[in-house]
There are 2 protein chains.
Amino acid sequence: MTGTSAVPEHVRGLGRVHHVAVVVRDLDASLGFYRDTLGLEVDTVMPIPSDRVTIAFLPIGESKVELVSPTDDTTGVARFLESKGEGFHHVCFEVHDLAETLTRLAIDGVELIDTQPRKGAEGPVAFLHPRSCHGVLVELIEAPGGPAWDALGY
Amino acid sequence: MTGTSAVPEHVRGLGRVHHVAVVVRDLDASLGFYRDTLGLEVDTVMPIPSDRVTIAFLPIGESKVELVSPTDDTTGVARFLESKGEGFHHVCFEVHDLAETLTRLAIDGVELIDTQPRKGAEGPVAFLHPRSCHGVLVELIEAPGGPAWDALGY
């Protein structure tokens, strides 16, 4: 881990599991389990037309379960669903300074899907490739008040 | 959701994401990413001989990342690794009364892998079948002080 001791603490620290995302075929059917049977509350249900998905956020403690359902068959999420079926899609960790975190991860050899913060529904986000994360698609989101919020015009 | 309105609140409420579990081929190699590169602390590394795995818990906020590596090729976790490769294995939610929660879930038609609480490393646990959870292997763990702790002799 060459050089990590020189990395400022605020760049290293992960705050919390922001959400765990599950790809589902039918959002209403999945709410029948996660909301009605398991007993989670529903915070938000919203279409994300740019991503061709509809999502629901269900808070639990300081985290959320995100249900993601594709609205057509052209996207990566739709192909994931066709090839693998319903199930885990990604986990999202909160960081304090996303741009600096991405810089450090790139130096450490992590394969980045997004090399800089981009605008997500709940804040600046970036994805890391599962090849670098032992099979897990990892999303990072910047905590409210971080520098990328201003930079992306939230 | 027939009858859920009659279910006591303490049976319904999920407290937090207790952990997200990732199956990995080599525990040390995966710590190279999750601890050394991503910056998570390591709380525990321990063999679970009865399950033929070695696990590591890495706290993040009120949750943990659990890394699970099989120690031989005879277990379900080992077969998971061989057939699907490294990646998400299960998510664990905390509940207040595990036995009552399982009873209610069974009434609601959820397929239970464990029909009653069993002794886990960190408290009483039970798994729900992914067929009932939209592709996700869900583990439930009882919060400290719950009735199954006494019943299982912690």
Side-chain angles (χ1 to χ4, degrees), chain A residues 1 4 7 9 11-20 22-26 29-30 32-41 58-65 67 81 84-91 93-95 101 104-105 107-110 128 130-138 140, chain B residues 1 4 7 9 11-20 22-26 29-30 32-41 58-65 67 81 84-91 93-95 101 104-105 107-110 128 130-138 140:
Chain A
M1 299 319 313
T4 51
V7 175
E9 185 59 33
V11 186
R12 295 181 56 93
L14 297 178
R16 58 171 167 147
V17 174
H18 187 276
H19 63 266
V20 176
V22 176
V23 172
V24 298
R25 204 168 292 280
D26 178 313
S30 69
F33 173 71
Y34 285 97
R35 178 191 57 201
D36 302 331
T37 302
L38 204 54
L40 292 170
E41 303 292 320
L58 298 89
I60 169 169
E62 66 185 17
S63 304
K64 297 178 184 182
V65 172
L67 303 173
L81 185 61
K84 302 190 177 179
E86 294 186 315
F88 286 114
H89 188 258
H90 65 269
V91 61
F93 300 122
E94 191 179 69
V95 300
T101 301
R104 180 175 58 81
L105 292 172
I107 291 169
D108 281 348
V110 173
L128 315 182
R131 272 194 291 270
S132 290
C133 310
H134 294 265
V136 172
L137 176 58
V138 171
L140 301 175
Chain B
M1 297 323 310
T4 52
V7 174
E9 184 60 33
V11 186
R12 293 181 57 94
L14 297 178
R16 56 173 168 145
V17 174
H18 187 276
H19 63 266
V20 176
V22 177
V23 171
V24 298
R25 203 168 293 281
D26 179 312
S30 69
F33 173 70
Y34 285 98
R35 177 191 59 200
D36 302 332
T37 303
L38 204 54
L40 292 170
E41 302 293 320
L58 298 89
I60 168 170
E62 66 186 16
S63 306
K64 297 179 183 181
V65 172
L67 304 173
L81 184 61
K84 302 188 177 181
E86 295 186 314
F88 287 114
H89 188 257
H90 65 268
V91 62
F93 300 122
E94 191 180 68
V95 300
T101 302
R104 180 174 59 79
L105 292 172
I107 291 169
D108 282 349
V110 172
L128 315 182
R131 274 195 290 270
S132 289
C133 310
H134 294 266
V136 173
L137 177 57
V138 171
L140 301 176

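The CD atom of Glu62(A) lies 5.5 Å from the OG atom of Ser63(B); values are rounded to the nearest 0.5 Å. Atom CG of Leu38(B) sits about 9.0 Å away from atom OG1 of Thr101(A), to the nearest 0.5 Å. One finds the CG atom of Leu137(B) at 7.0 Å from the CZ atom of Phe88(A) (value rounded to the nearest 0.5 Å).
The residue among Gly15(A), Gly109(A), Gly85(A) with the most heavy atom pairs within less than 4.5 Å of chain B is Gly15(A). Chain B forms more heavy-atom pairs under 4.5 Å with one residue of Ala29(A), Gly87(A), Ser30(A) than with any other, namely Ser30(A). Contact count versus chain A (heavy atoms, under 4.5 Å) is highest, among Lys84(B), Glu94(B), His90(B), for His90(B). Between chain A and the options Leu140(B), Val91(B), Val23(B), the largest number of non-hydrogen pairs under 4.5 Å is found for Val91(B).
Between Tyr34(B) and His134(A), the ring-plane angle classifies as tilted under the 30° and 60° cut-offs.
With a 4.5 Å cut-off on non-hydrogen atoms, Val20(A) touches chain B through its side chain but not through its backbone. Contacts of Val17(A) with chain B are made by both backbone and side-chain atoms, with heavy-atom separations under 4.5 Å.
Annotation: side chain of Leu128(B) is in contact with side chain of Phe33(A) (closest heavy-atom distance under 4.5 Å).
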